[in-house]
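What follows is a short report on a single structure.
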Amino acid sequence: MEGKKVIITGVPGVGKTTVVNEALKKLKSEGIEYQSLNFGTFMFEVAKADNIVKDRDQMRTLDRAVQKRLQQRAGQAIAKITGNVLIDTHASVKTPKGYLAGLPEWVLREIMPDIIVLVETDDDQILMRRLTDETRSRDKEGSRSIAEHQQFNRSIAAAYAMLTGCTIRIITNADFLLERSAADLADVLR
Ligand code: AP5
C-alpha cells in the first residue's frame, strides 16, 4: 500500500518525540494510522550488533565514514516499510568535526519523503529542557550554539527540498503549548 512518508526533525531536546506521540494519539482516535519510526534506533541496532557503541548518544561521535554506513543501512531498512510512515530523525547532527547531514542524498534517495517537518522553539527553552532531562546524555552547549544549529537545519532543509521536491513545514513547540504543536503536526499528517 502506497502511503505518506513524513520526516520529523529538530535539534536534540526540542521535544519532537513528545509532539509526535501526542499527534499520533489524536490521529488514532480519528482512525488514521501511522507507523512511527525512530531513525536513530535503526542506526543504533546496527551499531550495537557491530559492537561499536554502548548508548545512542555515542553515535554522533563516531567517525564520519562509520556514521555514513549506519545511515545508509537505516535508510534502506526504512525504505522497505509501506503505508503511512513517520520518521523521527535529525536534519543535521552536531559531531565533534562539524555538522553532519542527517538526510544526505544516499538516505533521501531511499526514503523520498513527501514532507519534512522542522520542530523548533526558543533556544533558551531547549537549553532548559536539556538541562532537566536526566535520562539522556545531552551535549552541553549554550543557547547561541543551539540557535546556530536550528538555523543550519533550516538551510539544509532547503537543500533536501531541492533534491526531492518535498515540502518543508516548520512547527513551533513552545513551553506550555504542546497541545498546539501536536495539533499542527496532526494537520500535516491528515
Ligand atoms: P534521537 O533518538 O532522535 O535522539 P534525540 O535527538 O536526543 O531526540 P530525542 O527524541 O531524545 O529528543 P526530542 O527532541 O525528541 O525531545 P523529547 O521529546 O525527548 O537520536 C539519537 C542519535 O541518533 C543522534 O544523536 C544521532 O547520533 C543519531 N541519529 C539520528 N538520526 C540520524 C541521522 N539521520 N543521521 C545521523 N545520525 C542520526 O523532549 C525533550 C524534553 O522536553 C522532555 O523532557 C519533554 O518532556 C520536554 N518537552 C517536550 N515538549 C515540551 C513542551 N511543549 N513544553 C515543555 N516541555 C516539553
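Note that the numbering runs from 1 along the sequence shown for the chain. Remember, it's 1-based here, ligands and their atoms both numbered in the order they're listed.
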Centroid-centroid distance, H90 to F39, less than 6.0 Å: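 Aromatic pair excluded; centres sit 6.0 Å or further apart.
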
Tell me the contacting part of [X] for ligand 1: side chain, backbone, both, or neither, using a 4.0 Å heavy-atom threshold, strictly below.
| X | result |
| --- | --- |
| Q125 | neither |
| F176 | backbone |
| R60 | both |
| Q71 | side chain |

D187 vs K26, salt bridge (charged side-chain N to carboxylate O under 4.0 Å, His left out): CA-CA, chis, key distance, verdict: CA-CA 10 Å; D187 274 348; K26 258 183 216 301; over 6 Å; no

Which residue owns the protein heavy atom closest to [atom], what's the atom, and how far is it?
| atom | answer |
| --- | --- |
| atom 23 (O) of ligand 1 | M59 CE, 3.3 Å |
| atom 46 (O) of ligand 1 | T18 OG1, 4.4 Å |
| atom 20 (O) of ligand 1 | H90 NE2, 3.4 Å |
| atom 3 (O) of ligand 1 | K16 NZ, 2.9 Å |
| atom 40 (C) of ligand 1 | G13 O, 3.8 Å |
| atom 38 (C) of ligand 1 | M43 SD, 3.4 Å |
| atom 47 (C) of ligand 1 | R129 CD, 3.9 Å |
| atom 19 (O) of ligand 1 | R138 NH2, 3.8 Å |

For the side chain of [X] and the backbone of [Y], is there at least one donor-acceptor N/O pair under 3.5 Å apart?
| X | Y | value |
| --- | --- | --- |
| T132 | M128 | yes |
| R169 | L118 | no |
| D122 | D124 | no |
| E110 | G75 | no |
| R138 | D133 | no |
| Q71 | P104 | no |
| N173 | S181 | no |
| S155 | Q151 | yes |

Geometric class of the H149/Y99 ring pair [parallel <30°, tilted 30-60°, perpendicular >60°]: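 Tilted: the ring planes of Y99 and H149 meet at 30° to 60°.
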
Counting each atom of ligand 1 from 1 as listed, which ones have a heavy atom of [X] under 4.0 Å away?
| X | result |
| --- | --- |
| F39 | 31 (N), 32 (C), 33 (C), 34 (N) |
| D175 | 54 (N), 55 (C) |
| L178 | 53 (N) |
| G102 | 33 (C), 34 (N), 35 (N) |
| P12 | 6 (O), 7 (O), 14 (O) |
| V11 | 14 (O) |
| V14 | 14 (O) |
| R56 | 1 (P), 2 (O), 21 (C), 22 (C) |

V53, N173, V93: member with heavy atom nearest to atom 50 (N) of ligand 1: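 Shortest heavy-atom distance from atom 50 (N) of ligand 1: N173.
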
Option of least heavy-atom distance to atom 32 (C) of ligand 1 (set: T17, T89, N38):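 Looking at heavy atoms only, the winner is T89.
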
A101 N/O under 3.5 Å from ligand 1 N/O: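 By distance alone, the answer is no.
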
Ligand 1 to R136 polar contact by distance, N or O atoms, under 3.5 Å: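 The answer is yes, given that R136 and ligand 1 share an N or O pair closer than 3.5 Å.
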
Heavy atoms of other groups near R190 CZ, more than 12 under 6.0 Å: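 For R190, atom CZ is crowded (more than 12 foreign heavy atoms under 6.0 Å).
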
Ligand 1 contact by A174, heavy-atom criterion under 4.0 angstrom: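 In this structure, A174 qualifies as a contact of ligand 1 - some heavy atom is under 4.0 Å.
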
Residue-ligand contact D57/ligand 1, heavy atom below 4.0 Å: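 Distance cut 4.0 Å: D57 fails for ligand 1.
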
Test item: protein heavy atom less than 4.0 Å from atom 43 (C) of ligand 1: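 No, there is none.
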
Between D88 and T17: side-chain donor-acceptor atoms closer than 3.5 Å: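 T17 and D88 do have a side-chain donor-acceptor pair below 3.5 Å.
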
T89 side chain to K16 side chain, donor-acceptor N/O pair below 3.5 angstrom: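 Per modelled atom types, T89 and K16 side chains form no pair under 3.5 Å.
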
From CA spacing to verdict: side chain to side chain contact (heavy atoms under 4.5 Å, CB included), D123, Q150: CA-CA 8 Å; D123 318 312; Q150 293 207 99; 2.9 Å; yes

N-O pairing of D175 and R129 below 4.0 Å: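 The answer is yes: the pair qualifies as a salt bridge.
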
